[in-house]
Amino acid sequence: MTTTAPRAVTAACTRRLRGLIEEIRETVDRGLPPDLTAYLVGERLAPHLGAPDLLTAEHCEGDPDRYRQHLLHAEADGSFSLVALVWLPGQQTSVHDHLSWCTTGVHAGEESERRYRLISDGRTARLVATEDVVNPQGTVCGFAPPGDIHRVSNSGTGKAISLHVYGADLARLGSSIRRVYRLPEER
Ligand SMILES: [Fe+2]
């Protein structure tokens, strides 16, 4: 992944994006449990999805080699971060889980998601796919670990862009990924 912004809101940040960051700050500052925070952040995110004045042209740029992460904002106290992920057709993540609660919203295009459970007998563990979901433009999802193993891909024919809010400091961590899981066919 490529990260392309300094820690704070950039000068190129749009007025609407600044407003969204303020709305997220108000929600996170309530100090509610992670799953509830993720849900409520989703309610603030949803009305902005698809708005043409939300992101700059730079924030919508992809990378032919891999899906691209644009860091839009990292809160000074590390309590949340906002990124735009840009996917060209066929690009996908690893199978992974997360360091913190997360809220996602599809801004453009559509994303496909395969969810997994880790089944363990105490000695060995294996991943079992439990659900395939297609998230069209406007879809909002909120979740908190554990039980958040998934892979996201752009299986459509056009560019896909999603906004992700994490309860973590991505300016410091670089990514929200806690652990990458290798499927047997990938080893
Ligand atoms: Fe993820």
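In listed order, ligands and their atoms are each counted from 1. Side chains included, hydrogens not; waters and symmetry mates left out as well; all remaining heavy atoms used.
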- Mind checking ring pair (Phe, Tyr, Trp, His ring centres under 6.0 Å) for Tyr181 and listing every partner two or more places apart, or none if nothing turns up? none
- Note on the structure: Value for NE2 (His150) from OG (Ser112), rounded to nearest 0.5 Å, stands at 12.5 Å
- Does Arg115 offer a backbone N or O that forms a donor-acceptor pair with the side chain of Thr130 under 3.5 Å? yes
- Message: Nearest 0.5 angstrom please: Arg16 CZ to Ile21 CD1, how far?
- Response: 13.0 Å
- Task: Anything protein N/O/S under 2.8 Å from the Fe ion (ligand 1)? Just list residue and atom, please.
- Result: His96 NE2, His98 NE2, His150 NE2
- Message: Within the structure provided, determine whether Val28 and Thr37 are in side-chain contact (heavy-atom separation under 4.5 Å).
- Response: yes
- Supply the atom-to-atom distance Leu82 CG to Ile24 CD1, rounded to the nearest 0.5 angstrom. 5.0 Å
